[in-house]
Amino acid sequence: MSESGKPISELGFTTLSNRLRKSLTCDGDNTNKPDSRELDLSPGSPISPLRVGPTISTSSSSSGSVSGRTGNGLQFGSGGTTNNHSGELSVDSSPTFSVGVSRGVKSSHTRSKSGTSIFSGGSLATSPAVNVLPAGNVFPSGRLFKTGMMANRSSKPDVLGLGTGNYGHGSIMRGGSGAGGKGETPVPTASNSRRLSVDPEELKRLGNEEYKKGHFLEALSFYDRAIALSPVNAAYHCNRAATLMGLKRLTQAVKECDEAIRLDSGYVRAHHRLGSLLVSLGQVENARRHIYLKEYQPDPNEAQKLQLVEKHLNKCTYARRFRDWAGLLRETEAAISSGADACPQLFACKAEALLKLHRLDDADSVLSNLPKFDVSSSLACSHVKFFGMQSEAYILFICAQIDMSLGRFENAVASIEKAGQLDPRNVEAAVLLQNIRSLCRSRARGNELFKSERFTEACSAYGEGLKFDPSNSILYCNRAACWFKLGQFERSLDDCNQALLIHPNYTKALLRRAATYVKLERWAESVRDYEVLRRELPDNNDIAESLFHAQVALKKSRGEEVYNLKFGGEVELINNLEQFKAAVASTGASVVLFKTTSDLQCKQISPFLDTLCTRYPSINFLKVDIEESPTIASVENVRVVPTIKIYKKGNRIKEMVCPSREVLESSVRHYSF
């Protein structure tokens with residue numbers, strides 16, 4: 001019953017119409033309206049399409065809430081962040097705004113318990129609670145929604161608009177999106193709105209899950225997004241550093257650790273992570289400051305790793321000081337295996353030891369695969385010294401020596417000059433710079449004299465250069481060429497041997513020594529060197545011909561009969577038994593392939609026999625088709641193809657059935673001497 005005594009059914013629409021009329025009256029009394037609030041649609045209002053301010057102050061009497069802090073209010077926008085440590089910003093799933101203003105102010109925008117206010121084109125209407133629209137929606141068409149249009153809508157969370165489509169900042173959009181239509185119900189679309197999802201803690205959690213799975217790139221993406229939302233959170237930078245370590249991007253990892261410590265100097269995990277990273281970089285003094293913190297126990301594993309690396313580094317210093325290159329190599333490898341596996345200077349030290357041990361190619365390989373780290377990325381790292389030399393300068397110091405030993409003189413000069421600029425007070429680098437410059441001048445002068453056929457003077461010039469670097473294989477080889485031209489073959493041989501002692505794989509020195517052996521008629525040594533060259537340069541016809549002549553000369557020197565041997569012979573096709581017997585009766589080795597035309601394996605190995613004929617010209621190569629010459633197959637008892645037999649002076653000395661290419665060539669090489 002109503003207060004007037006009439007049933008509610010009789011009051012019906014009369015009461016509702018009166019209430020609606022009053023709600024639209026500008027000069028009515030608002031004191032009896034419960035929980036009425038004036039909607040502020042000025043340009044600074046959070047629900048105005050003309051919003052210019054970044055904050056929203058919420059009323060304590062609101063039925064829904066928006067929480068989070070940016071100063072004294074909540075900041076919305078693409079780059080909005082919070083000042084709390086976690087970077088968390090939460091938004092209620094279905095917020096309802098109630099913007100607080102002083103009571104008693106004359107207003108045409110009111111809200112009552114019975115309905116929700118809808119602002120459209122400057123007018124206000126109320127609707128029953130069952131057909132409500134979120135407060136604050138602004139529709140440019142000026143039309144009102146009809147009451148029944150939203151009756152059957154699905155329950156979707158309301159979110160705050162970010163100024164996309166036809167909505168201003170602060171608009172509440174049903175289902176996470178909105179569409180501006182001329183009086184039509186907004187259709188949720190992802191193209192013209194974004195859900196306000198700015199929880200960096202959730203991004204960090206997702207990043208942690210990917211990191212545990214070993215998915216470092218995916219984890220890095222989540223941490224990057226978390227940092228973009230909360231750049232002052234030290235934990236996010238520390239986690240990003242761990243991911244970068246997993247990706248071997250050490251320069252960036254150090255930067256992230258430094259940033260985390262800058263943001264929170266007492267962040268123990270960031271200190272320990274940076275300490276572990278510095279141990280792997282071989283920077284034990286810097287690492288100790290971060291691993292051993294006051295009032296905190298160090299990680300036992302990291303502390304032990306630090307001690308081991310430091311011990312081996314000290315032994316490296318001792319070995320290098322006394323030029324114990326084998327000991328230096330041993331200790332550098334021990335330091336690397338103990339944990340300093342990302343230290344470029346240690347790998348450069350290993351290259352130096354290999355260089356001094358005359359393992360030049362190994363040294364060059366190690367230097368070509370140095371771990372990458374930019375010491376200038378960290379102020380503390382840039383001041384680290386290695387064997388008394390600035391760390392980056394030390395690497396360049398080793399590069400210059402290896403480049404010079406390999407004949408890359410221009411690179412050597414550039415590297416040592418840069419090392420001198422980085423560490424101008426280092427005596428060792430300054431001495432090497434002067435030696436390289438002097439050696440380059442002597443080499444250039446020797447080359448000019450050699451071209452002018454002034455070989456004696458050229459010998460002196462190269463000898464002068466060797467005073468500045470007694471281990472330079474290039475100058476020894478150049479001087480050997482001068483001695484060769486002067487007919488002093490013994491001295492040429494000595495310099496070739498010295499060059500090959502320093503650089504065993506020096507092809508030019510090996511070729512020069514083989515030619516010198518020929519001049520000295522030391523055929524066995526000449527054949528040995530040419531065989532090595534033939535394997536390294538199988539397509540070099542000059543080397544093949546030199547090998548052939550050396551082999552013929554060797555056979556003659558041993559008293560063997562040599563008939564009809566000529567360089568560049570082809571595989572001979574055998575058609576009858578008499579031809580076969582004459583061919584295999586020669587003093588040299590004969591390799592015979594028994595084949596058929598239709599067999600697949602015969603088709604595959606037959607071209608390879610042609611290749612071997614070119615590579616080993618001192619051997620006779622023959623082919624016999626057993627279908628065309630069954631008598632030969634019967635006499636030689638050939639039942640399976642392909643069969644390869646090797647003969648010498650008519651006698652069979654080796655037989656192979658279906659051999660691989662490697663086995664066949666190995667046997668041919670053995671009998672080519």
Side-chain angles (χ1 to χ4, degrees), residues 278-288 305-371 373 375 381-406 412 415-436 439 467-473 501-503:
L278 291 174
V279 169
S280 70
L281 291 168
Q283 301 185 17
V284 292
E285 293 300 327
N286 284 338
R288 183 178 289 105
K305 187 188 296 183
L306 173 64
Q307 293 173 1
L308 284 174
V309 170
E310 186 175 26
K311 180 184 74 173
H312 291 299
L313 282 175
N314 291 335
K315 290 185 177 180
C316 285
T317 303
Y318 181 85
R320 189 174 185 271
R321 181 181 300 134
F322 291 96
R323 307 179 71 82
D324 177 11
W325 305 117
L328 180 62
L329 178 61
R330 182 174 58 254
E331 292 302 327
T332 53
E333 290 177 338
I336 291 169
S337 62
S338 296
D341 53 355
C343 178
Q345 291 75 23
L346 264 178
F347 282 89
C349 184
K350 179 179 178 180
E352 182 181 24
L354 291 168
L355 172 65
K356 302 301 183 181
L357 292 170
H358 304 317
R359 295 169 58 182
L360 184 54
D361 291 328
D362 291 338
D364 190 41
S365 176
V366 170
L367 203 60
S368 300
N369 295 284
L370 285 183
F373 180 72
V375 295
C381 295
S382 62
H383 295 302
V384 172
K385 289 186 177 292
F386 212 82
F387 299 135
M389 194 180 302
Q390 196 268 351
S391 57
E392 191 69 18
Y394 175 72
I395 295 176
L396 292 168
F397 176 79
I398 304 303
C399 285
Q401 294 181 69
I402 293 176
D403 284 336
M404 186 170 61
S405 297
L406 290 171
S415 294
I416 195 60
E417 285 180 347
K418 188 174 180 181
Q421 293 170 2
L422 292 172
D423 196 348
R425 296 183 179 180
N426 187 270
V427 176
E428 202 172 0
V431 170
L432 182 61
L433 174 59
Q434 293 301 321
N435 288 345
I436 290 179
L439 184 147
K467 294 179 181 178
F468 301 105
D469 183 14
S471 298
N472 193 280
S473 59
L501 179 65
I502 297 168
H503 188 188

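These numbers were taken from a predicted model, which means no experiment stands behind them. In this chain, numbering begins with 1 at the start of the sequence shown.
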For Glu417, side-chain contact (heavy atoms from CB on, under 4.5 Å) partners two or more places apart = Val413, Leu433, Arg437

Could you tell me which residues satisfy side-chain contact (heavy atoms from CB on, under 4.5 Å) with Asp469, sequence neighbours excluded, listed by chain and number?
-> Met404, Leu439, Ser471, Asn472

Of all the heavy-atom pairs spanning [X] and [Y], show the shortest one and how long it is.
{"X": "Ala287", "Y": "Leu306", "result": "CB-CD1, 4.2 Å"}
{"X": "Leu313", "Y": "Gly282", "result": "CD1-O, 3.6 Å"}
{"X": "Pro470", "Y": "Ile502", "result": "O-CD1, 4.3 Å"}
{"X": "Pro371", "Y": "Ala342", "result": "CB-O, 3.8 Å"}
{"X": "Leu370", "Y": "Pro344", "result": "CD2-O, 3.5 Å"}
{"X": "Leu367", "Y": "Ala351", "result": "CD1-CB, 4.3 Å"}

Between [X] and [Y], is any pair of side-chain heavy atoms under 4.5 Å apart?
{"X": "Cys343", "Y": "Ile336", "value": "no"}
{"X": "Cys349", "Y": "Phe387", "value": "yes"}
{"X": "Lys311", "Y": "Leu308", "value": "yes"}
{"X": "Leu281", "Y": "Asn286", "value": "no"}

What do the steps show when you test Leu396 against Ile416 for side-chain contact (heavy atoms from CB on, under 4.5 Å), and what is the final call?
-> CA-CA 6 Å; Leu396 292 168; Ile416 195 60; over 6 Å; no

What distance do [X] atom [atom1] and [Y] atom [atom2] have between them, rounded to the nearest 0.5 Å?
{"X": "Ile395", "Y": "Ser415", "atom1": "CD1", "atom2": "OG", "value": "11.0 Å"}
{"X": "Phe397", "Y": "Leu432", "atom1": "CZ", "atom2": "CG", "value": "5.0 Å"}
{"X": "Lys418", "Y": "Cys399", "atom1": "NZ", "atom2": "SG", "value": "10.0 Å"}
{"X": "Phe373", "Y": "Ser391", "atom1": "CZ", "atom2": "OG", "value": "8.5 Å"}

Distance-only donor-acceptor hits, side chain of residues 419-427, under 3.5 Å, sequence neighbours excluded:
unit_1, atom_1, unit_2, atom_2, d
Asp423, OD2, Gln390, N, 2.9
Asn426, OD1, Glu428, N, 3.1
Asn426, OD1, Ala429, N, 2.9
Asn426, ND2, Gly388, O, 3.4

Under the side-chain hydrogen bond (donor to acceptor under 3.5 Å, both in side chains) rule, collect the residues that match up with Glu310, sequence neighbours excluded.
-> Arg288

Lys467: what forms a side-chain hydrogen bond (donor to acceptor under 3.5 Å, both in side chains) with it, not counting sequence neighbours?
-> Glu464

Which residues share a salt bridge (Lys or Arg N to Asp or Glu O under 4.0 Å) with Lys315, sequence neighbours left out | none

Tell me the side-chain hydrogen bond (donor to acceptor under 3.5 Å, both in side chains) pairs involving residues 347-364, sequence neighbours left out?
-> Arg320-Glu352, Glu352-Tyr394, Lys356-Gln401, Arg359-Asp362, Asp361-His503, Asp361-Asn505, Asp364-Arg408

Contact list for residues 330-345, test side-chain hydrogen bond (donor to acceptor under 3.5 Å, both in side chains), sequence neighbours left out | His312-Glu331

Evaluate the criterion side-chain contact (heavy atoms from CB on, under 4.5 Å) for residue pair Phe386 and Gln283; output intermediate values, then yes/no.
-> CA-CA 9 Å; Phe386 212 82; Gln283 301 185 17; over 6 Å; no

For residues 316-337, which residue pairs qualify under ring-ring contact (aromatic ring centres under 6.0 Å, His included), counting only residues two or more places apart or in two chains?
-> Tyr318-Phe322

